[in-house]
Peer 1: 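Input: one structure, supplied below.
Both ligands and their constituent atoms are indexed starting at 1 by order of listing. Just so it is clear, the values below take in all heavy atoms, side chains as well, and ignore hydrogens, waters and symmetry mates.
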Amino acid sequence: MLNVVVIGVGTISEMHLKSYVNNRNVQLYGVCDVNEARAKEKATTYNALNVYTSTKDVFADPNVDAVSICTWNQTHAHLSIAALEAGKHVLVEKPIAMTVEEAERIQRAAEKSEAILQVGYVRRFGTNTEVLKSFVDQGRLGDLYYAKASCLRRIGNPGGWFADKERSGGGPLIDLGVHVIDICWYLMGRPKVKVITGHVYDYLGNRGNIEHLSFYKAADYDQSKNTVEDLANALITFENGASLMVDVSYSLHAKNDELAVKLFGTKGGAELEPELLMVTEENNTILNVEPQINHRSFDFTNAFQNQINAFVDACITGGPSPAPVEDGVELMKILEGVYTASLQKYPVQL
Ligand SMILES: NC(=O)c1ccc[n+]([C@@H]2O[C@H](COP(=O)([O-])OP(=O)(O)OC[C@H]3O[C@@H](n4cnc5c(N)ncnc54)[C@H](O)[C@@H]3O)[C@@H](O)[C@H]2O)c1
């Protein structure tokens with residue numbers, strides 16, 4: 001049995017806790033949160049054996065094999081490094097950290113350690129992604145040379161630490177952009193990034209005066225502070241000539257929320273979001289193919305379970321993890337590159 005402690009038991013921890021409870025190779029050894037009442041409540045709901053309020057106690061406990069880090073982004077680097085140094089396997093929520101410098105420090109700690117570090121790129125584990133990847137890997141879409149991803153919320157700033165740049169590192173780009181950029185980059189074969197053009201805007205604020213339209217909020221929701229962007233867009237060009245266009249928002253005067261991930265190849269194309277669909281050509285005819293699978297659209301419960309199962313398997317077998325630390329570092333380079341390009345009003349060359 002792998003003894004796991006979930007650190008930070010706010011909103012997203014529910015998905016980790018449920019998935020660990022469903023994994024037969026895991027004992028939910030404990031939960032940890034600086035908010036003791038919250039930690040106790042989650043321990044009761046999920047039958048965790050121990051309650052911690054200090055991560056030092058978690059890392060010092062020799063019975064703990066692995067941790068999920070579900071705290072705000074500012075803590076990811078120092079908690080991941082401390083856990084790895086204590087020999088614990090780590091599943092760290094996305095983004096891996098707030099800066100490239102922090103991400104590279106985590107990478108060095110992971111390389112020194114025998115333990116696994118997996119990044120919480122949960123969208124890699126959706127059935128829609130797994131099915132599409134099997135077609136991409138067989139070359140059925142040819143070379144993917146263009147991708148386009150949007151995750152636009154009209155009114156959906158999660159508030160609290162998400163809106164506080166000191167604790168989050170940024171707004172929708174680092175929070176939502178990381179998911180859609182990663183999934184395109186992963187399916188495109190993880191090409192090396194060459195040039196990043198990007199813009200971030202903070203004209204609208206948190207829009208706390210208007211009814212919140214997105215379901216997602218930080219456990220300690222608070223709309224009094226907002227120091228993050230409300231919209232970001234980018235054009236990312238890769239060394240192999242492929243390109244990716246992305247836009248993400250917490251607040252935008254748009255008619256609808258939008259979630260779209262599209263990939264275009266030399267033999268065919270695909271829409272991963274909102275629902276998996278593949279585009280191909282046969283007998284001088286274009287075919288839009290709808291796979292007959294469960295979860296054609298991304299399903300949180302199913303994808304989280306697959307993600308946790310993959311992490312547990314990697315811990316037990318010694319890996320490799322399907323979302324390794326180096327992918328965390330590469331994504332961090334893209335995210336930081338977009339912020340830098342916007343600030344300097346000039347593209348970033350990597
Ligand atoms: N994979 C996904 O789809 C997804 C979705 C949402 C959030 N996330 C990520 O998960 C992480 C947490 O987000 P959330 O929405 O659950 O936030 P949240 O604010 O709801 O919960 C964070 C919890 O961490 C606790 N905490 C903070 N610092 C701590 C520390 N040093 N030690 C112990 N506990 C500490 C807080 O008290 C809080 O209970 C973030 O990195 C976020 O980007 C991922």
Peer 1: Any salt bridge between Glu330 and Lys192, counting N to O under 4.0 Å?
Peer 2: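 Yes, this pair counts.
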Peer 1: What are the atoms of ligand 1, with element, lying closer than 4.0 Å to any heavy atom of Phe304?
Peer 2: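 Those qualifying, in numeric order: 1 (N).
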Peer 1: Assess whether a salt bridge exists between Lys42 and Glu14, defined as any Lys/Arg side-chain N lying under 4.0 Å from an Asp/Glu carboxylate O.
Peer 2: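 Judged by the 4.0 Å cut-off on N to carboxylate O distance, Lys42 and Glu14 do form a salt bridge.
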Peer 1: I'd like to check which ligand 1 atoms, numbered from 1 as shown, lie under 4.0 Å from a non-hydrogen atom of Trp72.
Peer 2: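 Those qualifying, in numeric order: 27 (C), 28 (N), 36 (C).
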Peer 1: Check the pair Asn233 / Tyr201 against side-chain contact (heavy atoms from CB on, under 4.5 Å), numbers first and verdict last.
Peer 2: CA-CA 9 Å; Asn233 65 32; Tyr201 301 93; 4.2 Å; yes
Peer 1: Considering distance alone, does some N or O of Asp33 sit under 3.5 Å from an N or O of ligand 1?
Peer 2: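 There is such a contact, yes.
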Peer 1: Measuring from the heavy atoms of Cys70, does anything fall under 4.0 Å of ligand 1?
Peer 2: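 Yes, Cys70 has a heavy atom closer than 4.0 Å to ligand 1.
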Peer 1: For atom 15 (O) of ligand 1, grab the closest protein heavy atom and report residue, atom and distance to one decimal in Å.
Peer 2: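 Protein heavy atom with the smallest distance to atom 15 (O) of ligand 1: Tyr216 OH, 2.6 Å.
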Peer 1: Is the NZ or CZ atom of Lys165 both under 6.0 Å from the centre of the six-membered ring of Tyr339 and within 45° of that ring's axis?
Peer 2: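 Yes - Lys165 lies over the ring of Tyr339, closer than 6.0 Å to its centre and within 45° of its axis.
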Peer 1: Judged on heavy-atom distance to atom 1 (N) of ligand 1, which of Gln307, Glu93, Lys217, Arg38 sits nearest?
Peer 2: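 Selected option, by shortest heavy-atom distance: Glu93.
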Peer 1: In this structure, would Val180 and Phe125 fall into the same cluster of hydrophobic residues linked by side-chain contacts under 4.5 Å?
Peer 2: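 In one cluster with Val180: Phe125, no.
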Peer 1: Taking N or O atoms only and a 3.5 Å limit, does Thr75 qualify as a polar contact for ligand 1?
Peer 2: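 In this structure, Thr75 places no N or O atom under 3.5 Å from an N or O of ligand 1.
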Peer 1: Salt-bridge test for Asp182 and Arg124: reply yes if a basic N is under 4.0 Å from a carboxylate O, no otherwise.
Peer 2: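 Salt bridge: yes.
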Peer 1: Backbone N or O of Ser321 within a donor-acceptor pair of the Gln118 side chain at under 3.5 Å?
Peer 2: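 Not confirmed, Gln118 side chain does not pair with Ser321 backbone.
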Peer 1: Give the residue and atom name of whichever protein heavy atom lies nearest to atom 29 (C) of ligand 1, and the separation in Å to one decimal.
Peer 2: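 Ranked first by proximity to atom 29 (C) of ligand 1 is Thr71 CG2, 3.5 Å.
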Peer 1: Could you tell me whether Asn73 and ligand 1 have an N or O pair separated by under 3.5 Å?
Peer 2: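 Yes, Asn73 has an N/O under 3.5 Å of an N/O on ligand 1.
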Peer 1: Given the rule that I, L, V, M, F, W and Y join up when any side-chain heavy atoms are under 4.5 Å apart, are Leu152 and Phe162 in one cluster?
Peer 2: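 Not linked; separate clusters.
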Peer 1: Using a 4.0 Å cutoff against the non-hydrogen atoms of Val122, which atoms of ligand 1 qualify?
Peer 2: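 Those atoms are 1 (N), 3 (O).
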Peer 1: List the closest protein heavy-atom neighbour of atom 34 (N) of ligand 1: residue, atom name, distance to the nearest 0.1 Å.
Peer 2: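 Going by distance alone, atom 34 (N) of ligand 1 is nearest to Val34 N, 3.4 Å.
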Peer 1: Report the nearest protein non-hydrogen atom to atom 5 (C) of ligand 1: residue, atom name, distance rounded to 0.1 Å.
Peer 2: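 It is Ile12 CD1, 3.3 Å.
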Peer 1: Looking only at protein heavy atoms, identify the closest one to atom 24 (O) of ligand 1 and say how far it is in Å.
Peer 2: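 Checking every protein heavy atom, the shortest distance to atom 24 (O) of ligand 1 gives Gly8 CA, 3.4 Å.
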Peer 1: With a cut-off of 4.0 Å, which atoms of ligand 1 are near a heavy atom of His76?
Peer 2: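 So the atoms of ligand 1 that pass are 41 (O).
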Peer 1: Tell me: protein heavy atom nearest atom 13 (O) of ligand 1, and distance?
Peer 2: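 Of every protein heavy atom, Trp161 CZ2, 3.5 Å lies nearest to atom 13 (O) of ligand 1.
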Peer 1: Is there a heavy atom in His179 that sits closer than 4.0 Å to ligand 1?
Peer 2: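 Contact check His179 vs ligand 1: positive.
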Peer 1: Atoms of ligand 1 less than 4.0 Å from Ala218 heavy atoms?
Peer 2: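 Near Ala218, meaning under 4.0 Å from one of its heavy atoms, ligand 1 has 19 (O), 20 (O).
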Peer 1: What protein heavy atom sits nearest atom 8 (N) of ligand 1, and how far off is it?
Peer 2: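 Protein heavy atom with the smallest distance to atom 8 (N) of ligand 1: Lys94 NZ, 3.7 Å.
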Peer 1: So, are Lys133 and Glu130 salt-bridged, with charged N and O less than 4.0 Å apart?
Peer 2: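 No salt bridge links Lys133 with Glu130.
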Peer 1: Before signing off on this row, confirm whether Pro95 and ligand 1 have an N or O atom pair separated by under 3.5 Å.
Peer 2: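 Such a contact does not occur with ligand 1.
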Peer 1: Please assess Asn226 against Tyr250 for the test side chain to side chain donor-acceptor pair (under 3.5 Å), listing each intermediate value before the final yes or no.
Peer 2: CA-CA 11 Å; Asn226 187 69; Tyr250 279 166; over 6 Å; no
Peer 1: Assigning hydrophobic clusters by single linkage (Ile, Leu, Val, Met, Phe, Trp, Tyr; side-chain heavy-atom cutoff under 4.5 Å), is Ile181 placed with Val325?
Peer 2: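 Linked, Ile181 and Val325 end up in one cluster.
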Peer 1: Is there a chain of hydrophobic side chains (I, L, V, M, F, W, Y, each step under 4.5 Å between heavy atoms) that links Val348 to Met332?
Peer 2: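 Yes, because Val348 and Met332 connect within a single hydrophobic cluster, where side-chain heavy atoms sit under 4.5 Å apart.
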Peer 1: Salt bridge between Asp175 and Lys94, side-chain N to carboxylate O under 4.0 Å?
Peer 2: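 Salt bridge between Asp175 and Lys94, a charged N being under 4.0 Å from a carboxylate O: yes.
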Peer 1: Any atoms of ligand 1 less than 4.0 Å from a non-hydrogen atom of Phe300? List them with their elements.
Peer 2: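 Numbered from 1, ligand 1 contributes 3 (O).
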Peer 1: Atom 21 (O) of ligand 1: which protein heavy atom is closest, and how many Å away?
Peer 2: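 Ranked first by proximity to atom 21 (O) of ligand 1 is Gly10 CA, 3.2 Å.
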Peer 1: Check for me whether Tyr121 has a heavy atom closer than 4.0 Å to any atom of ligand 1.
Peer 2: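 Distance cut 4.0 Å: Tyr121 fails for ligand 1.
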